[in-house]
S.K.: 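For reference, the structure I am asking about is given below.
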Amino acid sequence: QVQLVESGGGLVQAGGSLRLSCAASGLSFSRYAMGWFRQAPGKEREFVSAITWSSTTGYAEFVQGRFTISRDNAKKTVYLQMNSLKPEDTAVYYCAATDRQYGTDYGTYKYWGQGTQVTVSS
């Protein structure tokens, strides 16, 4: 049984930082590309960042230079370091896994976590 468990969300002031973690179990983690998506109230889930099994990374334009994705295959964990947070970053952040090389589309991902809430106050 595959499980992805996110942690690290919370309430932070604008300009602050948070580090999200996603711990995976039940899959050959090093063979999967991992992604982060987010969904704000009343909006569709959107791509934030992804990292291939070999640690090639990609980002949505709106987080370029502020967020950094990384992975630790030994710990089966993917991270999202979020700096210079803005109120518009407020959303539930989801971790996802795909056995494809890389993906920015929601449908590419096979497994999903339950999400962690990030709230940025102004």
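Small disclaimer: the values here were computed from a predicted structure and weren't measured.
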S.K.: What pairs of residues pass the salt bridge (charged side-chain N to carboxylate O under 4.0 Å, His left out) test when at least one of them lies in residues 59-70, not counting sequence neighbours?
M.R.: Arg66-Asp89
S.K.: When clusters are formed by joining ILVMFWY residues with side-chain heavy atoms under 4.5 Å apart, either directly or through shared neighbours, do Val48 and Ile51 land in the same one?
M.R.: yes
S.K.: Listed by chain and number, what are the side-chain hydrogen bond (donor to acceptor under 3.5 Å, both in side chains) partners of Ser54, not counting sequence neighbours?
M.R.: Thr52
S.K.: My understanding is that only residues two or more places apart in sequence, or in another chain, count here; which of them pass side-chain hydrogen bond (donor to acceptor under 3.5 Å, both in side chains) with Thr57?
M.R.: none
S.K.: Please tabulate, one pair per line, all N/O donor-acceptor pairs under 3.5 Å involving side-chain atoms of residues 1-13, not counting sequence neighbours.
M.R.:
residue, atom, partner, partner atom, Å
Glu6, OE1, Gln114, N, 3.1
Glu6, OE1, Gly115, N, 2.9
Glu6, OE2, Cys95, N, 2.8
Glu6, OE2, Gly115, N, 3.2

S.K.: Return a table of donor-acceptor pairs under 3.5 angstrom between the side chains of residues 75-85 and protein atoms on other chains or two or more places apart.
M.R.:
residue, atom, partner, partner atom, Å
Thr77, OG1, Lys75, O, 2.9
Gln81, NE2, Asn83, OD1, 2.9
Asn83, OD1, Ser17, OG, 2.9

S.K.: Kindly state each residue pair satisfying disulfide (SG to SG under 2.5 Å) with at least one member in residues 52-81, sequence neighbours excluded.
M.R.: none
S.K.: With sequence neighbours left out, what residues match Arg100 under salt bridge (Lys or Arg N to Asp or Glu O under 4.0 Å)?
M.R.: none
S.K.: Could you tell me which non-hydrogen atom of Ser122 sits nearest to which non-hydrogen atom of Ala14, and how far apart they are?
M.R.: CA-CB, 4.4 Å
S.K.: Quick one: are Leu18 and Val120 in side-chain contact, heavy atoms under 4.5 Å?
M.R.: no
S.K.: How far apart are the closest heavy atoms of Gln117 and Ala91, and which atoms are they?
M.R.: NE2-O, 3.4 Å
S.K.: With the 4.5 Å side-chain cut-off for hydrophobic clustering, are Tyr106 and Tyr102 part of the same group?
M.R.: yes
S.K.: Once rounded to the nearest 0.5 Å, what's the spacing between atom OG of Ser55 and atom CD1 of Ile69?
M.R.: 9.5 Å
S.K.: Does the Ser49 side chain pair with the main chain of Gly58, one donor and one acceptor, at a distance under 3.5 Å?
M.R.: yes
S.K.: Assess whether side-chain contact (heavy atoms from CB on, under 4.5 Å) is satisfied between Val92 and Thr116, documenting all intermediate values.
M.R.: CA-CA 5 Å; Val92 177; Thr116 185; 6.0 Å; no
S.K.: Can you list the residues that meet the side-chain hydrogen bond (donor to acceptor under 3.5 Å, both in side chains) rule with Gln39, with sequence neighbours excluded?
M.R.: Arg45
S.K.: Which atom pair, heavy atoms only, marks the closest approach of Ala33 to Arg71?
M.R.: CA-NH1, 4.1 Å
S.K.: Using the ring pair (Phe, Tyr, Trp, His ring centres under 6.0 Å) rule, collect all pairs that involve residues 24-65, keeping only residues at least two apart or in two chains.
M.R.: Phe37-Phe47, Phe37-Tyr109, Phe37-Trp112
S.K.: Would you mind listing every salt bridge (charged side-chain N to carboxylate O under 4.0 Å, His left out) that reaches into residues 110-122, with sequence neighbours excluded?
M.R.: none
S.K.: Suppose we screen for side-chain hydrogen bond (donor to acceptor under 3.5 Å, both in side chains). Which residues come up paired with Tyr93, at least two apart in sequence or across chains?
M.R.: Arg38
